Participant: 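Have a look at this one before I ask anything.
Heavy atoms only: backbone and side chains are in, while hydrogens, waters and symmetry mates are out. Keep in mind that what you see is a predicted model, and the values were worked out from it rather than measured.
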Amino acid sequence: MAWGKKKGGGRKEPLFGLPAALADLRLTAADRIPNAEDKPKKSAKSSAKRRSDESDAEPPRERKAQGGRGGAKRRSKSRGSRSIGRLIYWGAVLGLWGMIAVIGVVIWVGAHLPPIQSLEIPKRPPTIQIVGMDGSMLAQRGEMAGANVALKDLPPYLPKAFIAIEDRRFYSHFGIDPLGILRAAVTNVLHRGVSQGGSTLTQQLAKNLFLTQERTFQRKLQEVELAIWLERKHSKNEILELYLNRVYFGSGAYGVEAAAQRYFGKSAKHVTIAEAAMLAGLVKSPSRLAPNRNPEGAEQRAQVVLAAMADAKFITQAQAQASIGHPAINVKPAGAGTVNYVADWIGEVLDDLVGQIDQSITVETTIDPKLQSVAEAAIIDELAAKSVKFNVTQGALVAMTPDGAVRAMVGGRNYSDSQYNRAVTAKRQPGSSFKPFVYLTALEQGLTPDTVRQDAPIEVKGWKPENYTHEYFGAVTLTQALAMSLNTVAIRLGLEVGPKNVVRTAHRLGISSKLEPNASIALGTSEVSVVELVGAYAPFANGGLAVSPHVVTRIKTLEGKLLYMRQPEERNQVIEPRYVAMMNTMMRETLISGTAKKAEIPGWQAAGKTGTSQDYRDAWFIGYTANLVTGVWLGNDDNSPTKKATGGGLPVEVWSRFMRTAHEGVPVAALPNSQAGWGLSNLAQAASQVSAPPANNGGYRPPPTRANVRPEAAAGLDGWLMDRLFGGNR
């Protein structure tokens, strides 16, 4: 106790029980379990030393200090072993939980994939092929997917172009390419942005077939799972073939066949190396690099692809240089241009004809591709030459047969700039081109083409309409008044026969727009569309039968199954033949001596009417032969005034250019119900219907002549009849 006190430096409390029994218990080196390092060091000398140490009366702390450097080394190694063990243990634990987490994520992502029964190669979206009356392709609608092309039918450098630029290790990976992902990641870090993607062709196919284009982590994981699934289900060549027939190439083209047809006007089976490189280059950014929109960008990207093909030994350096020297030429694809207005119109009526489209179809139309090209050129060229001079920015043209089959339609100056169809959708004031409905109503109420009415100032409830020239000619015949487009006579006739009757006549002939039955209806103040106004003129060209403007004749599936065929209509007589003859006589005069003299077609009987709306906002001409009825409108979308563009100017020039070409080689035919036939069969009736001319200084005086007015040979029924029976001054 005394020694303990001395060493402890303090008083020791006595211990009792279990603590007292264990107080002097000490562990020695002999009590330790020897490790591998200690075993070779055992010897008799060391054992004796340990026994000597055990008999030493020094306290444990003193012995601990005497252990020296060897003991510290052993303890350090022991601690190192325990640290490595802990590291291995926790590494195993974390690895196990990581595997569980990965499995969980895979299961979760898989649960959000499309149903397994839908994980087959989906059907193509329906394609609508629109063909002309000669069977040639006009346009395509839907997603414009081309026909499937077998990999073996393609030139070998075409698929290799895609492999070279999109997935160089395509034939060696299992759906995803870790090396490619790592390479893309490094490149993106070096460029401080996304400059390279790591998706394989299989991943891109999985995305195109089953997934959306959204950029989310979930979608990327789904893409990886589906890529692995595709690799297990299909061979590499099958995947490559599917990819080439499904990938998007811009401008609505899906698949290499559709893209080759759209951009090069040929099958994918016949593309050159330069064209193959351009197609492969589009995949990166199809909308931005489409060669019909960005030819320079497409060509630069094609050169990158050619370099990649040469680097991969798919082509030689000489072939690459030759292709760069002779780049792909972007041709105008079939179906481009104004015929797309026709395609849009067809798209609007398809649902009424065949219901919902769930399979690819071919729509056969009444469009004549040659006439469509002529109509397009006539509108575009005329506006290009004179749009600035007359402040006219837009135009529309509709041409149809007398039975309503549309042969050509131009809905605007440039379809790529504006898809608004001014021939079908737009409604504008027809101006004087509406007057034939007023004059027809007057004829049906007993007047004749030689009935005389006064051309003089008129006022209707404070409204004072004037003639275009501000001239007045006194007593004139209805034929002269219509040919010269005299507003005051049209107003008087409209009030005489009743605006409501004029509206009924227009609706009976085919106008479907709402018309206001007021005094100004005679001057065409109610708005109509080009296609309905042209359709309403058709009865004058066909003998008085109603027509329904139409463009679709048959609809079939690609396999040939007939879905729709236009049936012959029961065409009602909406104008009696004798009135058709009178109207044709009057409207022929418009082209002979009236406001549309430039519209006369050599060798053909033609008739029509010009129209100019208030403040020169709209300029019209609707004219017809026994072969074709054509209407032209020119103006501005914002309804702003033109610089005095009239119906007898630009529209007549467009109409004449189109109609003269359209009638080349066509057998000449007269307008129905010739004037001579009308005179003989209606002599007695006409004699009782002639109105007495108003008194003017003691008797009737023919109106003054001017450059665009031909005076009548004689006044009254006798002179009119003799003139038309025996030729007169015609």
Side-chain angles (χ1 to χ4, degrees), residues 130 132-133 138 337-346 348-349 365-380 382-383 394-413 415 419-431 433-434 436 506 509-513 524 527-542 546-552 596 599 606-611 618-625 627-635 647 650-659 661-663:
I130 300 172
M133 59 183 295
L138 296 177
T338 59
V339 76
N340 282 290
Y341 292 112
V342 180
D344 289 349
W345 185 34
I346 290 172
E348 293 172 4
V349 302
T365 72
T366 61
I367 296 295
D368 184 333
K370 294 180 180 178
L371 294 186
Q372 180 67 32
S373 297
V374 174
E376 177 179 317
I379 288 286
I380 293 175
E382 193 71 19
L383 288 176
Q394 283 295 346
L397 182 151
V398 174
M400 66 178 66
T401 62
D403 64 356
V406 176
R407 291 285 185 252
M409 174 183 286
V410 177
R413 184 177 188 173
Y415 182 82
Q419 291 78 51
Y420 182 60
N421 194 334
R422 296 153 190 85
V424 175
T425 307
K427 294 190 176 183
R428 306 295 293 245
Q429 289 186 350
S433 61
F434 190 84
L509 267 64
I511 298 294
S512 58
S513 296
E527 297 177 337
V528 298
S529 69
V530 179
V531 69
E532 64 179 323
L533 188 56
V534 173
Y537 269 63
F540 299 130
N542 67 24
V547 304
S548 296
H550 60 277
V551 69
V552 178
K609 184 70 189 76
T610 59
D618 306 275
W620 297 74
F621 180 62
I622 316 295
Y624 56 93
T625 65
N627 175 57
L628 214 55
V629 186
T630 300
V632 177
W633 167 87
L634 295 171
L650 298 183
V652 165
E653 293 175 14
V654 173
W655 185 92
S656 298
R657 173 174 171 172
F658 171 78
M659 291 289 275
T661 303
H663 285 76

Participant: So do Leu138 and Val342 actually touch side chain to side chain, heavy atoms under 4.5 Å?
Facilitator: no
Participant: For side-chain contact (heavy atoms from CB on, under 4.5 Å), just list the numbers for Asp403 and Asn542, CA-CA rounded to whole Å, side-chain angles, deciding distance to a tenth of an Å, and then say yes or no.
Facilitator: CA-CA 7 Å; Asp403 64 356; Asn542 67 24; 5.8 Å; no
Participant: Please name the pair of heavy atoms, one in Gly524 and one in Pro430, separated by the smallest distance, quoted to 0.1 Å.
Facilitator: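 What the structure gives for the nearest pair is O-CD, 3.1 Å.
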Participant: Which heavy atom of Trp655 sits nearest a heavy atom of Gly623, and at what distance?
Facilitator: NE1-O, 3.4 Å
Participant: Going by the rule side chain to side chain donor-acceptor pair (under 3.5 Å), which residues pair with Thr610 if we only count those two or more places apart in sequence or in a different chain?
Facilitator: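 By the side chain to side chain donor-acceptor pair (under 3.5 Å) rule, Thr610 matches Thr595.
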Participant: Between Thr630 and Leu397, is there a side-chain heavy-atom distance shorter than 4.5 Å?
Facilitator: yes
Participant: Which atom names give the shortest non-hydrogen contact between Phe621 and Gly647, and what distance separates them?
Facilitator: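 Taking every non-hydrogen atom into account, CB-O, 4.0 Å.
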Participant: Just verifying a value: how many Å separate Glu532 CD and Leu509 CG, rounded to the nearest 0.5 Å?
Facilitator: 12.0 Å
Participant: Okay, side chain of Glu382, backbone of Val654: is any donor-acceptor separation there less than 3.5 Å?
Facilitator: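 Here the side-chain-to-backbone pair does not exist.
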Participant: Side-chain contact test, heavy atoms from C-beta onward, threshold under 4.5 Å: evaluate it for Val547 versus Pro402 and give yes or no.
Facilitator: no
Participant: So, applying salt bridge (Lys or Arg N to Asp or Glu O under 4.0 Å) with Asp618, which one of Arg428, Lys427, Arg422 is it?
Facilitator: Arg428
Participant: Give every donor-acceptor pair under 3.5 Å between a side-chain atom in residues 405-412 and any protein atom, sequence neighbours left out.
Facilitator:
residue : atom : partner : partner atom : Å
Arg407  : NH1  : Thr366  : O            : 2.9

Participant: Listed by chain and number, what are the salt bridge (charged side-chain N to carboxylate O under 4.0 Å, His left out) partners of Arg413, not counting sequence neighbours?
Facilitator: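 In terms of salt bridge (charged side-chain N to carboxylate O under 4.0 Å, His left out), with neighbours along the sequence ignored, Arg413 is linked to no residue.
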Participant: Holding to ring-ring contact (aromatic ring centres under 6.0 Å, His included), I want the full list of residues that pass it with Phe658, two or more places apart in sequence or in another chain.
Facilitator: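 None.
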Participant: Which heavy-atom pair separates Ile379 from Gly395 by the least distance, and what is that distance?
Facilitator: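 The answer is CD1-C, 4.3 Å.
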Participant: Should Trp633 and Leu533 count as side-chain neighbours, where that means a heavy-atom distance under 4.5 Å?
Facilitator: no
Participant: Verify, without hydrogens or angle tests, whether Gln419 (side chain) and Tyr415 (backbone) share a donor-acceptor contact under 3.5 angstrom.
Facilitator: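 At least one qualifying donor-acceptor pair exists.
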Participant: For Tyr624, check ring-ring contact (aromatic ring centres under 6.0 Å, His included) against everything at least two apart and list the hits.
Facilitator: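 Tyr624: no ring-ring contact (aromatic ring centres under 6.0 Å, His included) contacts found.
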Participant: Who pairs with His663 by ring-ring contact (aromatic ring centres under 6.0 Å, His included), at least two apart in sequence or on another chain?
Facilitator: Trp604
